[in-house]
Amino acid sequence: MQLTAEGEALIDREFPHMLASDAQMLSGLTPREQAQLAALLRKLALTVESVS
């Protein structure tokens, strides 16, 4: 499967906005809390994959 040129353009246009939004959401957390959140989300993702 491959993205169309339109799909690639959409990603190129929207991805920076998504990253900025994510950074804004995480700005209330300390770097340590952000690392803890990332570790917990990785653990959750592994559990979801094993259940699916």
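Only this structure's heavy atoms are used, side chains among them; waters, hydrogens and symmetry mates stay out.
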Peer 1: What are the two closest non-hydrogen atoms of Pro16 and Asp12, and how far apart are they?
Peer 2: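 For Pro16 and Asp12, the tightest heavy-atom pair comes out as CD-O, 3.4 Å.
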
Peer 1: What residues join Ile11 in its hydrophobic cluster, counting side-chain heavy atom gaps under 4.5 Å, either direct or through other members?
Peer 2: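 Noted: Ile11 shares its cluster with Leu3, Phe15, Leu19.
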
Peer 1: Which residues pass the side chain to side chain contact (heavy atoms under 4.5 Å, CB included) test with Met18, sequence neighbours left out?
Peer 2: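 Here no residue qualifies.
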
Peer 1: Can you name the side chain to side chain contact (heavy atoms under 4.5 Å, CB included) partners of Glu14, sequence neighbours left out?
Peer 2: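 Side chain to side chain contact (heavy atoms under 4.5 Å, CB included) list for Glu14, sorted by chain: Leu10, His17.
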
Peer 1: Which residues, ordered by chain and number, are linked to Leu26 in its hydrophobic cluster, where ILVMFWY side chains connect at heavy-atom gaps below 4.5 Å, directly or through other members?
Peer 2: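 When side chains under 4.5 Å apart are linked, the cluster holding Leu26 also contains Leu29, Leu37, Leu41.
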
Peer 1: Table please: side-chain donor-acceptor pairs of residues 42-52 below 3.5 Å, with sequence neighbours left out.
Peer 2:
| from | atom 1 | to | atom 2 | distance (Å) |
| --- | --- | --- | --- | --- |
| Thr47 | OG1 | Lys43 | O | 3.1 |
| Ser50 | OG | Thr47 | O | 2.9 |
| Ser52 | OG | Val48 | O | 2.8 |

